[in-house]
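In the text below, chain A, chain B and the rest are named by the order of the sequence lines, each starting its count at 1. Side-chain atoms are counted along with the backbone in the values below, which use heavy atoms only and exclude waters and symmetry mates. The model shown is predicted, which means the values in this text are computed figures rather than measured ones.
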Amino acid sequence: MAKQRGQRLWRPPAPDAATTVRLASLLQSCGRAGDLRRGRLLHARLVLSGAVASSTFLANHLITMYSHCADLASALRLFGAMPRRNAVSWTTLVSGLAQNLMHGDALAAFAAMRRAGVAPTQFALSSAARAAAALASPLPGAQLHCVGVRLGFDTELFVASNLADMYSKCGLLSEACRVFDQMPQKDAVAWTAMIDGYAKNGSLEMAVLSFRDMKREGLVGADQHVFCSVLSASGGLKDGWLGKSIHCCVTKAGFELEVAVRNALIDMYAKSMDVENASRVLKIDTGGWNVVSGTSLIDGYIETDCVEEALGIYVELRRQGVEPNEFTFSSMIKGCAMQALLEQGAQLHTQVIKTDLIRDSFVGSTLVDMYGKCGLISLSMQLFNEIECRTDIAWNAVINVFAQHGHGSEAILAFDRMIYSGIRPNHITFVSLLTACSHTGLVDEGLAYFYSMKDVHGIEPKEEHYSCIIDMYGRAGRLDEAYKFISDMPVKPNAYSWCSLLGACRMRGNKELGEVAAQNLMKLEPGNTGIHVSLSGIYASLGQWEDVKAVRKLMRDSRIKKLPGFSWVDSNKKTHVFGSEDWSHPQQKDIYEKLEELTTRIKEEGYIPDTNFLPYNLEDVTKERILRYHSERIAVAFALISMPATKPIIVKKNLRICIDCHTAFKFICKVERRDIIVRDNSRFHHFVNGRCSCGDYW
DNA sequence: GTAGGGTTAG
């Protein structure tokens with residue numbers, strides 16, 4: 001009593017042991033359930049009874065409860081008011097902050113703990129290491145490592161796992177390895193940290209090898225996280241066999257039905273282009289699908305060009321009452337963009353608005369891309385302007401839309417605005433920007449941007465950027481410079497580079513260089529049928545029919561067939577496909593009549609068929625007939641008779657648009673007063689009022 | 001007696 005009287009404040013007696021234990025377990029249950037209301041009531045009772053002031057143990061429990069309920073303000077207030085704090089109090093604070101993603105504060109609390117002269121516990125150390133990992137801060141991380149070594153905690157399971165995770169998140173894999181190797185015991189979490197560390201740092205093979213090492217120890221204690229990580233690495237390797245063998249381990253270990261593992265399996269199969277097994281895993285009956293698994297499969301279908309199947313999964317998801325999320329929408333919209341499915345894309349857009357995901361930057365960017373790829377450039381721009389948070393992806397999308405439509409100066413303007421708003425361009429930005437310059441003939445600008453990549457933006461040009469420059473020189477007719485560039489460039493020219501040069505040679509009728517390009521291209525892509533077609537096109541345009549014959553013989557001998565040209569057009573929610581001289585359509589008679597009518601009308605306007613490019617030594621009348629029945633022309637005629645005048649005509653083509661059809665469409669759009677958009681395998685052509693957006697430059 | 005780690009989709 002004498003001692004108590006000597007203190008400034010009266011301290012109530014601590015509750016008895018049984019009461020303390022009861023209260024602590026009540027607080028624990030509040031924390032676990034996240035029941036902040038009940039926790040606060042308990043807190044108030046404990047304050048009234050004086051237990052908070054007298055029992056550090058109960059106060060620690062209160063801090064834990066608050067941090068589990070994500071009420072860090074209360075936790076901090078309580079911590080500040082504690083008359084006595086022990087190591088657990090500090091530890092609880094550090095881990096509470098780290099758990100609530102306040103990583104910087106967690107590190108600061110750990111430092112304050114040391115300044116207060118309290119020896120760090122291994123719990124505090126592992127929490128602080130976790131915070132450093134989340135911040136990817138190697139410097140404080142390494143300091144924590146030193147503290148751990150000094151206290152002898154550095155090989156402890158939790159501390160070492162977090163330190164290894166921290167090093168790998170900082171990209172310091174060898175350090176991570178060293179910490180990991182020194183662990184006397186490794187559990188599933190430690191292994192996961194390493195497997196995932198390798199995978200996230202791009203060492204996918206090492207990630208799989210780590211898994212093999214773990215398996216060698218009998219996969220003891222392997223859990224769903226281990227399988228998720230290794231499956232993700234295996235998906236990245238796109239190795240179907242490896243994936244299947246891991247799938248076997250998953251099944252043996254009994255994790256096939258775990259939701260996260262199933263999702264990882266579906267994702268792995270989808271990434272390995274094995275959509276069949278992906279859908280098999282999805283369809284294992286577990287009482288319904290979830291968004292992630294469905295989206296993974298949708299994404300797999302989209303990546304393998306199976307948009308129809310992806311749409312099927314989407315419909316099934318909706319039927320099961322699963323709400324699509326931003327991932328689902330961006331995958332689906334990307335699929336619509338790839339196939340220029342405007343109708344379906346617009347429907348998804350409506351859904352996106354309904355679910356309020358329109359504010360998501362990813363979804364917004366895919367919509368910009370989709371409308372751009374469907375040819376609706378002004379709608380695309382409108383959506384871009386509505387994106388609140390413009391990420392590099394959004395800017396790349398808009399620059400690419402301008403590039404594909406041949407609006408070079410707008411692309412450059414968008415690039416300037418991107419830089420001005422502080423968004424750093426990446427290598428994709430430059431592919432789009434250089435394409436824009438190339439498609440518009442802005443050679444000097446393109447070259448300047450190319451050289452600025454490394455000098456100004458610190459981005460090493462890759463082969464796709466070099467190809468853009470070759471394409472740019474080629475389109476501008478500066479073939480010698482293109483050849484000099486391709487010969488001098490530090491990276492090995494890829495097929496696209498030689499293809500660009502060959503295409504340019506065909507446009508300009510340059511036989512010598514065309515042959516060089518063709519030879520190089522044949523080495524890289526022996527099965528590419530376009531090489532022979534382009535080459536014979538060059539000979540035909542020069543009237544060298546003997547050479548044309550030789551190429552055709554070569555094609556026959558090596559059993560190379562010209563890739564047939566197809567055109568697609570959507571009308572009344574249906575996609576119609578047309579080949580050359582293709583009269584299989586039910587409305588063939590009307591289409592034929594429309595074509596005849598169009599030919600007469602555009603000839604009156606001054607259209608002269610250009611047969612120069614046809615690689616056949618034929619009569620002009622025959623050549624004209626072939627030109628008139630090219631797939632794109634049949635598709636346009638069909639669209640004109642079957643679609644309401646308010647709908648835009650969008651024709652998709654698997655090859656480049658033919659030069660003569662290009663001329664004809666300029667006349668057709670004028671006489672019919674209809675905008676025609678053609679998306680060929682290289683770019684967009686907008687035919688409006690007698691002109692094309694490409695400015696005849698392609 | 002109290003405190004702690006890793007995981008699934010652009």
Side-chain angles (χ1 to χ4, degrees), chain A residues 17-18 20-25 27-28 31 55-65 67-68 86-99 106 113 120-131 133-134 153 156-166 168-169 186-197 199-200 223-232 235 255 258-268 270-271 290-300 302-303 324-334 360-363 365-366 369 391 393:
Chain A
T20 306
V21 171
R22 200 174 51 80
L23 287 168
S25 97
L27 281 170
Q28 263 179 344
S55 166
T56 306
F57 173 69
L58 282 175
N60 289 348
H61 262 297
L62 275 166
I63 296 175
T64 311
M65 182 275 294
S67 58
H68 281 174
N86 59 18
V88 178
S89 319
W90 283 99
T91 306
T92 312
L93 185 71
V94 175
S95 77
L97 288 164
Q99 257 174 20
M113 177 181 193
T121 62
Q122 45 182 310
F123 301 109
L125 196 56
S126 68
S127 290
R130 186 188 164 204
F153 293 152
E156 193 268 339
L157 193 60
F158 284 72
V159 176
S161 298
N162 272 323
L163 283 173
D165 188 44
M166 179 275 297
S168 75
K169 288 213 166 80
K186 299 160 178 124
D187 67 355
V189 179
W191 282 105
T192 309
M194 276 322 284
I195 295 172
D196 214 55
K200 295 265 155 66
D223 61 7
Q224 48 169 328
H225 301 302
V226 176
F227 291 115
C228 283
S229 287
V230 72
L231 284 169
S232 153
F255 285 103
E258 284 284 339
V259 178
V261 179
R262 271 184 67 213
N263 292 344
L265 274 169
I266 293 165
D267 184 52
M268 178 277 293
K271 286 213 171 81
N290 61 56
V291 205
V292 181
S293 55
T295 305
S296 295
L297 186 58
I298 286 175
D299 210 51
I302 301 283
E303 289 300 318
N325 63 15
E326 66 271 32
F327 289 89
T328 325
F329 280 123
S330 33
S331 281
M332 288 299 304
I333 295 166
K334 184 184 167 196
D360 183 84
S361 174
F362 269 109
V363 177
S365 307
T366 51
D369 181 53
T391 55
I393 301 161

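Of the possible donor and acceptor atoms, one in the side chain of A/Ser168 sits under 3.5 Å from a partner among the backbone N and O of A/Asp165. One N or O on the side chain of A/Asp223 and one on the backbone of A/Val226 form a donor-acceptor pair closer than 3.5 Å. A/Ser232 contributes no side-chain N or O that, together with a main-chain N or O of A/Cys228, makes up a donor-acceptor pair within less than 3.5 Å.
The base of B/dG4 lies close enough to the side chain of A/Glu156 for a donor and an acceptor atom to sit less than 3.5 Å apart. Judged by distance alone with a 3.5 Å cut-off, a donor-acceptor contact links the side chain of A/Asp187 to the base of B/dG5. Side-chain atoms of A/Asn325 and base atoms of B/dA9 include a donor and an acceptor less than 3.5 Å apart. Between the side chain of A/Asp223 and the base of B/dG6 there is at least one donor-acceptor pair of N/O atoms closer than 3.5 Å.
Using a 4.0 Å heavy-atom cutoff across all strands shown, A/Ser331 reaches no nucleic acid atom at all. Within the nucleic acid shown, A/Asp360 comes within 4.0 Å of at least one base atom, counting heavy atoms only. Across all strands, A/Leu93 comes closer than 4.0 Å to no nucleic acid atom at all (heavy-atom distances). Contacts of A/Ser127 with the nucleic acid, taken as non-hydrogen atoms under 4.0 Å apart, involve only primed sugar atoms and P, OP1 or OP2. Across all strands, A/Ala188 comes closer than 4.0 Å to base atoms (heavy-atom distances).
Put simply, CZ on A/Phe153 and CG on A/Leu125 are 7.5 Å apart, with the number rounded to the nearest 0.5 Å.
With centres under 5.5 Å and a plane angle under 30° as the test, the ring of A/Phe57 is not stacked against the base of B/dG1. Residue A/Phe123 and nucleotide B/dG4 are not classified as a stacked aromatic pair, given the requirement of ring centres less than 5.5 Å apart at an interplanar angle below 30°.
Closest to the A/Asp267 side chain, of the nucleotides B/dT2, B/dA9, B/dG6, is B/dA9. Candidate nucleotides B/dT7, B/dA9, B/dG1 were compared by shortest atom distance to the side chain of A/Lys200, and B/dT7 ranks first. With B/dA9, B/dG6, B/dG10 as the candidates, the nucleotide lying closest to the side chain of A/Ser330 is B/dG10. When distances run from any side-chain atom of A/Glu326 to the nucleotides B/dG6, B/dG5, B/dG10, the shortest one goes to B/dG10. Looking at the side chain of A/Asp299, the nearest of the listed nucleotides B/dT2, B/dG10, B/dT8 is B/dG10. Ranking B/dG5, B/dT7, B/dT8 by closeness to the A/Ala264 side chain, first place goes to B/dT8. Taking only side-chain atoms of A/Val88, from C-beta outward, the nucleotide of B/dG1, B/dT2, B/dA9 with the closest atom is B/dT2. You'll find that the side chain of A/Val292 is closest to B/dT8, out of B/dT8, B/dT2, B/dG1. The side chain of A/Ser229 lies closest to B/dT7, out of B/dA9, B/dT7, B/dG6. With distances taken from any side-chain atom of A/His68 to the nucleotides B/dG5, B/dG4, B/dT8, the minimum falls on B/dG4.
Looking at A/Ser89 and A/Thr56, their side chains come closer than 4.5 Å, going by heavy atoms from C-beta outward.
Put simply, CG on A/Asn60 is 11 Å from P on B/dT2, counting in whole angstrom units. With rounding to whole Å, A/Asp165 atom CG is found 11 Å from B/dG5 atom P.
Residue A/Lys271 has a polar side-chain atom (N or O) positioned under 4.0 Å from OP1 or OP2 of B/dG10.
Of the residues listed (A/Asn290, A/Thr328, A/Asn263), the one engaging A/Thr295 in a side-chain hydrogen bond (donor to acceptor under 3.5 Å, both in side chains) is A/Thr328, and it is the only one.
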